[in-house]
Amino acid sequence: MKCGLEIHVQLETDSKLFCDCPTNYQDVPANTNICHVCLNQPGAKPFPTNEKALEGALKIALMLDCKIADDITYFMRKHYNYPDLPSGYQRTSIPIGYEGDLNGVRIREVHMEEDPGQYKPDLGLVDFNRSGIPLIEIVTEPDMNSPEEARAFLRELIRVLDYSGNARGEGSMRADVNISLEGGKRVEIKNMNSIKGAYKALKFEMVRQKNLLKRGVEVTQETRAFLEAQMITVSMRLKEEAEDYRYIPDPDLPPMLAEEEQIDSIKERMPEPPHIKVKRFMKEYNLAEEHAKVITSELELADAFEEIVKQIDAEFAALWMRDELKRVLYYNKMSFADSGITPENMVEFLQMVQKKEVTTKAGQRIIEQMPISSKSPRALAEEMGLVGIVNDDEVLQAAKQAIAENPEAVSDYHEGKKAALNFLVGQVMRLTRGKAEPGNTVQILKELL
Ligand SMILES: [Zn+2]
């Protein structure tokens, strides 16, 4: 199987691509963020291209290791008729970046487009709030060989877009995929709006084409739609040729030129792309690939990690950040940036665990409070009465008490029920108020039993 992707994502800007209308199209009543330009009323002239959108597109192209067009670029009109497109054409630029690479998948080109409005037949409504919001389109070569590879690529691409700070991420994504099997023609599937959707569509389409080829039926070149609710693809139309769109350069818009100075300045300010960061973290901090990926899942988390490891052993910090910190953030549906946890907080916390001022178990309870409390980890530990680790004697006393109080668990243990031991460990934790080291406790309990 060969598969290529075309991914559209909205660029993060305050105003639209060719007018001053705001871009918060989902927060306002239908047809309120509109003007004569984005409705394309007769005689309306577009403003020059939004510079922030252009800069965002250039930054994303550079983060995808693209070459930047060194000649002028400009917008074309792509003609088609649909109720969400009052002008009858969509403005789409020629490539701004080309010949890039993301983890071995070649990026054919990156260009800008304007978003059309939204046609909602079920509501009897056409809403033009979205008309003219800047989009970036990223087109890959057909370098992916399975639905899994396509999914991994999309996840990585969304990370790059999130890191750039110039795109709206998976929530605004629309992807088209093209897929062909050996001996078959190329089929395009339109308008998947999540990574999961793209993956399911590819899976379905791969099986459909395989079955046709097996029966000796030809796979026709066509465009299909993915029906997400049913998880199937259906034929939309036979493939259009480029000439059907009657592309012409838009005479109302001035050409654009990315000056070398501008590109250098973007390169200076742009963050290290996540896929490059993963490789560096593996090498520099000796992290396993999976762990490096978790730590770099968010730019702010990765930056915090690099601050923290100036004072804390990298492996130890990585262990707590990827397991416990990520668990707690996930549970609270928070990003690290939103949690208010600072690198200094993490250093203070990790030092307490490292110096055995608190147990591992207590550490887990403290870190759970860190995103919801504004107190320092030490203040939290004191407030929760978790400072200190009890000595072996106290653990021994607590273990004896736990055994004496729970004869049923003891006999379950002797019958080979593993859960009984965990129960007794829990009792010791309760009696020592979480200040016994679990490893130690298990050891002492086993000896007594
Ligand atoms: Zn407007």
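We count ligands from 1, going down the list as the structure has it; atoms in each ligand are counted the same way.
- Between Val353 and Val358 the shortest side-chain heavy-atom distance falls below 4.5 Å.
- Residue Tyr25 is tested with Gln118, Lys16, Arg130, Gln10 for a side-chain hydrogen bond (donor to acceptor under 3.5 Å, both in side chains); the sole match is Gln10.
- Panel detail: the Zn ion (ligand 1) has protein N, O or S atoms under 2.8 Å away, 4 in number.
- The residues Glu368 and Arg327 are annotated as salt-bridged, a charged nitrogen and a carboxylate oxygen being separated by less than 4.0 angstrom.
- Rounding to the nearest 0.5 angstrom, the gap separating the CD1 atom in Ile179 from the CZ atom in Arg186 is 11.5 Å.
- Screening residues 103-123 for ring pair (Phe, Tyr, Trp, His ring centres under 6.0 Å), with sequence neighbours left out, gives Tyr82-Tyr119.
- With a 6.0 Å cutoff to the six-membered ring centre and a 45° limit on the axis angle, Arg151 counts as a cation-pi contact of Tyr199.
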